[in-house]
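As the structure lists them, so they are numbered: ligands from 1, and atoms in each ligand from 1. By convention here, the first residue in the shown sequence is residue 1.
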Amino acid sequence: MTLPNRSGYLIAFEGTDGTGKSTQLALLHAVLQDKGLEVVATREPTDGTYGRQIRELYNNRSKLSLDEELELFLADRKEHIDTLITPALASGKIILCDRYYLSTVAYQGAAGLDPSDILRRNDFAPVPDLALLLYAPIQTGVDRITKGRGDILNDFEKEDYLLEVARQFEQLTLPCIRRVDASATIDEVHRTVLNHVFHLIEK
Ligand code: TYD
């Protein structure tokens, strides 16, 4: 079932690493699918040409200048929008996107670029109907990555950097943003997410 008489919805999950975006996205995906809605789950960086180049940078970030890094994220997003987001929106689907342009504002802003300039450079991107900004103490996220998943922190996940990323996220005040306390249990966060999403799609 597609949504009646309107184009689809774009819902972005944003926040620092380890806040549970991907878990929450999967839970929401299942609920919406059970309701018979057409849902597409996707993520940035994508698995396309530019997204793969970005992943290669994870443990060797200093290979590129900040401007070159930003260009890569923007190129990945343009490709994502052209090949997936715009067509899916036009056919009335609900798109759940694990990270979108607010991540660029916060992460590349934290790295030293001007946040309002980054936002302007993303003018080409459809504004999300909802940007769920998950926040939790940075230490909680870092522990989830290192102890929970047994991973080593990559260049984008170092604690001091993430504190600055969190500060950048805190300063954002766009109308599409809903802040979600991600230090609550998975179930509690899921219920909050559902409230925001149902409020949007049942309008
Ligand atoms: P992440 O969602 O953690 O992907 P993965 O599961 O593949 O590790 O995102 C990867 C990193 O990329 C994350 O630390 C944030 C960073 N990032 C940016 O710096 N700018 C951006 O525009 C995006 C989308 C992500």
Among N195, L194, V193, which residue meets the side chain to side chain contact (heavy atoms under 4.5 Å, CB included) test with V197?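 Running side chain to side chain contact (heavy atoms under 4.5 Å, CB included) over N195, L194, V193 with V197 returns exactly one hit, V193.
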Is there any protein N/O under 3.5 Å from an N/O of ligand 1, and what does the full list of such pairs look like?
unit_1	atom_1	unit_2	atom_2	d
ligand 1	2 (O)	R99	NE	2.8
ligand 1	3 (O)	D17	OD2	3.3
ligand 1	7 (O)	R55	NE	3.1
ligand 1	7 (O)	R55	NH2	3.2
ligand 1	7 (O)	Y58	OH	3.4
ligand 1	9 (O)	R99	NE	3.3
ligand 1	14 (O)	D17	OD1	3.3
ligand 1	14 (O)	D17	OD2	2.9
ligand 1	19 (O)	Q108	OE1	3.4
ligand 1	19 (O)	Q108	NE2	3.0
ligand 1	20 (N)	Q108	OE1	2.8
ligand 1	22 (O)	R77	NH2	3.4
ligand 1	22 (O)	T104	N	3.3
ligand 1	22 (O)	T104	OG1	2.6

Salt-bridged, D117 to R120, with N to O below 4.0 Å?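 The answer is yes: the pair qualifies as a salt bridge.
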Just do the side-chain hydrogen bond (donor to acceptor under 3.5 Å, both in side chains) check on D17 and Y107 with the steps written out, would you? CA-CA 11 Å; D17 299 80; Y107 280 78; 2.5 Å; yes
Are any non-hydrogen side-chain atoms of Y101 and V127 less than 4.5 angstrom apart?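 When only atoms from C-beta onward are counted, V127 and Y101 do touch, with a gap below 4.5 Å.
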Less than 3.5 Å apart, which donor and acceptor atoms pair up between the side chains of residues 168-184 and the rest of the protein, not counting sequence neighbours?
unit_1	atom_1	unit_2	atom_2	d
Q168	NE2	E164	OE2	3.1
R178	NH1	P175	O	2.9
R179	NH1	F169	O	3.3
R179	NH2	L172	O	2.4
D181	OD1	S183	N	2.9
D181	OD1	S183	OG	2.6

Give a yes or no on this: more than 12 heavy atoms of other residues, nucleotides or ligands lie within 6.0 Å of atom NZ of K63.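 Not buried by this count: 12 neighbours or fewer within 6.0 Å.
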